[in-house]
Amino acid sequence: MATKSRAYNAEDIEILEDLSPILHRPGMYTDPSNPNHALVEVIDNSSDEGLAGYAKNIAVVLYEDGSAEVADDGRGIPVDIHPKKKVPAVQVIFTTLHSGGKFRKTDKDAAYRIAGGLHGVGICVTNALATRLEVEVRRDGACHRLVFADNGKVKEPLKKIGSVPARESGTRIRFWPDPKYFDSPRIVTADLAALLRAKAMLLPGVRFTLGVEKNGKIEQSEWHFPEGIRGYFASAVAGLEPVADTFFGERYIAAQSESDSFAEGEGALWAIAWTPEGEVVAESYVNMIPTRHGGTHVAGLREGVYNAIRNFIDLHAMGQRGIKIVPEDVWSRTSYVLSVKMLDPQFKGQVKNELISRDGVKLLAQMVRDPFELWLNQHVDEGKRIAELVMRQAMTRTRAAQKVERRKSSGVAVLPGKLTDCASDDPERNELFIVEGDSAGGSAKQARDKEFQAVLPLKGKPKNTWQDSPDTLYSNKEIEAIALAIGIDHHQRGAAVDMSRLRYRKIIILADADVDGAHIQVLLLTLFFRHFSRLIETGSVYVAQPPLFRIDVPSMGKGKPARKLYALDKQELAGIEEKLIDEGMDEDKWAVSRFKGLGEMSPEQLWETTLNPDTRRMLPVQVEDVALEADRSVFNMMMGRENASQRREWMEKFGNLVDADIS
């Protein structure tokens, strides 16, 4: 947390362009369904002032004219002239993408060290998508006003409009969302109230209020949780009757010597309870940003708690023969609230619904496991009640899985000898990776989780089966091996298929991140689209996304340890390198290496980047009914032997759009 003497001035605002990209593609920057996210961007800025220890009150008002206002008593946005832009810093923040005071995370004296704001984009989005936006700043004994209109243009330049007591400071922002950029121009009050309530829990020292104007009068609600997560979680699980006391915990890296992987100040706060019935509570936050889709921090929490409970069950001999505990047994009846602080979190998209930082898994697993094991062994009766609930879930799952006959053959042959199968008997949990080549197959076999991940290596590129008849399809041994492994026979679209014979819920194409790998993906997708269409219709086919580059980043001092980052392609590599420069690292300090193939990765790297369900990136293969004929036409043009002239025509027309990998 920053000290109260830390200044916050124009030189703290760094510039990493105008607002036109937001107007061209607003969906890339915000949720276009309504203006809630645009408002949240303003609230998050005020919340960051509370997190830094300055703001004590944050007030939000929704007016009948559709506008929204956020006011705080923080330090106030700097109003002095920016040294590079030569305009007031407050104007820079609202009109220049990638500007703000939250980039220098490694600097202990930074204006914001832990913060929800990352890229200096959010408040610009609010301004760009508003017909009007007013800013009032109180600081240094003066009140200043700045007005924007017409999607981010300066309407009234910054000017002093009055005086305030020397100790009074803060910012007030009111904006009018532009209806043409949203499906609905109205802010959803219920969603906003839930967010402010959670913010009050995450910031026990800050009082949040929400005013809603009705018939000219403001109806106000207030949230303040002096006990923080304890009071909040108690009300959240009220009526659910947990089987044991709630496990509360809070742990942060106090000094760099504690961890080689994480920086001082990083850590988590959590509350966890197990309930036998009712709707579970599942809330997670990163730097006070709600992550509604979870992410790697939730995966780390799950891993740490699962390992602790499994060890407790083993220690007290509570296991039963033939019953194996899996993470879902632990988590299907778990309610939790998790709040994480990270120096440099990576989110999926600007809306920040999901954390994708690979370090999140390790951080949370490291933070949670030891304290929870200690708690279980200090509260043995409580621990046994939790373990009994987990065992009941495991027995229910095992009985359900036994009802689905695990198919060990397709009826025409035994399973292919090249298949390295998994141990689990639960098709809903199991995954099959189809890998090209023995080298990549060997790496995948070493890297996989043997419990639920199977590997089928193929010899060379699969055959183009677009024009193969069903009668001759299995004359190709590789295609036959795929059919035998997955457990269902080829079929025509629309035909009745017994999907209970499917041996793996996820069938994942795993190929090198290069042109040859892309060709293999297309050939396998052709096979599934043409001859196993039900797999695609049921969402069972995925394409793995292994990285093409590894970036070795050296330590940047006590604030930031050495890191290994991964990039899917050149575009992502450029973005990572730009971010490293923004962090203050010289361009020649990091090393970039390119993976020539999956076989070149160590099993640990392949697991972390491509196979681990908590940290991998995969693309689900889907076909919408409305696009079915168009997709079929494209496949026919690209894969039909007689359509060479059409392909040549297409390449002449669209070849310039292809980012060819010729290195």
Side-chain angles (χ1 to χ4, degrees), residues 229-230 233-234 236-251 267-284 294 297-338 361-403 422-426 428-430 449-453 612-614:
I229 196 171
R230 290 179 178 272
F233 192 72
V237 298
L240 291 179
E241 299 182 2
V243 299
D245 288 344
T246 299
F247 169 51
F248 293 102
E250 185 171 11
R251 194 175 175 197
L269 167 73
W270 61 84
I272 312 173
W274 280 264
T275 56
E277 55 188 25
E279 288 291 323
V280 297
V281 175
E283 297 181 19
S284 61
H297 56 321
V298 175
L301 180 74
R302 289 168 62 101
E303 179 182 311
V305 169
Y306 164 69
N307 287 328
I309 288 182
R310 189 179 61 179
N311 288 346
F312 181 84
I313 289 173
D314 291 343
L315 179 66
H316 293 273
M318 297 181 67
Q320 296 186 27
R321 174 174 256 173
I323 304 294
K324 181 178 177 61
I325 303 296
V326 302
E328 196 52 39
D329 300 328
V330 175
W331 282 91
S332 59
R333 298 303 318 156
T334 305
S335 290
Y336 68 90
V337 171
L338 170 67
V361 177
K362 184 178 178 182
L363 173 65
L364 264 296
Q366 177 179 309
M367 291 286 108
V368 172
R369 178 174 174 172
D370 289 346
F372 189 43
E373 282 194 352
L374 179 63
W375 185 88
L376 287 171
N377 289 298
Q378 289 176 338
H379 304 78
V380 175
D381 291 341
E382 307 283 328
K384 285 185 175 180
R385 289 199 292 273
I386 294 170
E388 287 166 359
L389 177 61
V390 170
M391 290 300 302
R392 288 199 297 273
Q393 294 299 121
M395 286 186 282
T396 301
R397 174 186 53 79
T398 302
R399 284 195 296 268
Q402 287 170 347
K403 292 178 183 178
C422 55
S424 169
D425 288 335
D426 185 358
E428 282 298 309
R429 185 170 174 240
N430 294 345
D449 185 324
K450 296 177 183 179
E451 173 64 23
F452 67 97
Q453 292 178 326
N612 185 347
D614 297 327

Over all atoms of both residues, closest heavy-atom pair of Glu373 and Asn377 | O-ND2, 2.8 Å
What distance separates Cys422 SG from Glu451 CD, expressed to the nearest 0.5 Å?
-> 7.5 Å
Taking Ser424 for its side chain and Asp426 for its backbone only, find out whether a donor-acceptor pair lies under 3.5 Å.
-> yes
Minimum side-chain heavy-atom gap Val237-Thr275 below 4.5 Å | no
Hey, are the side chains of Phe372 and Phe247 touching, using non-hydrogen atoms and a 4.5 Å cut-off?
-> yes
Whether Arg333 side chain and Gly278 backbone form a donor-acceptor pair below 3.5 Å = yes
So do Ile325 and Arg397 actually touch side chain to side chain, heavy atoms under 4.5 Å?
-> no
Backbone N/O of Asp245 and side chain of Glu382: donor-acceptor pair under 3.5 Å | yes
Polar side-chain atom of Trp375 near backbone of Gly383 as donor-acceptor pair, under 3.5 Å | no
Examine distances only and state if a side-chain atom of Arg251 and a backbone atom of Met367 form a donor-acceptor pair shorter than 3.5 Å.
-> yes
Does Gln453 use its side chain to pair, donor to acceptor, with the backbone of Asp449 at less than 3.5 Å?
-> yes
Looking at His297 and Leu364, what are the two nearest heavy atoms and their distance?
-> O-CG, 3.4 Å
Nearest heavy-atom approach of Tyr306 to Val330 is CD1-CG2, 3.8 Å
Under the side chain to side chain contact (heavy atoms under 4.5 Å, CB included) rule, what do Leu376 and Ile309 come out as? Steps first, then yes or no, please.
-> CA-CA 8 Å; Leu376 287 171; Ile309 288 182; 4.3 Å; yes
How far apart are the closest heavy atoms of Ala394 and Lys324, and which atoms are they?
-> CB-O, 4.5 Å
Might you confirm whether atom CD of Glu279 has over 12 heavy atoms from other residues, nucleotides or ligands at distances under 6.0 Å?
-> no
Within a radius of less than 6.0 Å around CD of Glu241, do more than 12 heavy atoms belonging to other residues, nucleotides or ligands occur?
-> no
Hey, does Leu301 have a side-chain heavy atom less than 4.5 Å from the side chain of Trp331?
-> yes
Evaluate the side-chain proximity of Arg385 to Leu389: yes if any heavy-atom separation is below 4.5 Å, no if none is.
-> no
Is there side-chain contact between Ile229 and Glu250, with heavy atoms separated by less than 4.5 Å?
-> no
With rounding to the nearest 0.5 Å, note down the distance linking CE in Met391 to CD in Gln320.
-> 4.5 Å
Mind listing the closest non-hydrogen atom pair of Ala273 and Thr246 along with its distance?
-> CB-OG1, 3.9 Å
Would you check, one step at a time, whether the test side chain to side chain contact (heavy atoms under 4.5 Å, CB included) holds for Arg392 with Asp329?
-> CA-CA 8 Å; Arg392 288 199 297 273; Asp329 300 328; over 6 Å; no
Let me see the working for Arg302 and Asp614 under side chain to side chain contact (heavy atoms under 4.5 Å, CB included), right down to the final yes or no.
-> CA-CA 10 Å; Arg302 289 168 62 101; Asp614 297 327; 5.8 Å; no
Using the side chain to side chain contact (heavy atoms under 4.5 Å, CB included) rule, take Arg429 and Glu328 through it: C-alpha gap first, then chi angles, then the decisive distance, then the call.
-> CA-CA 10 Å; Arg429 185 170 174 240; Glu328 196 52 39; over 6 Å; no
Looking only at non-hydrogen atoms, find the nearest pair between Phe233 and Ser335 and report the distance.
-> CZ-O, 3.7 Å
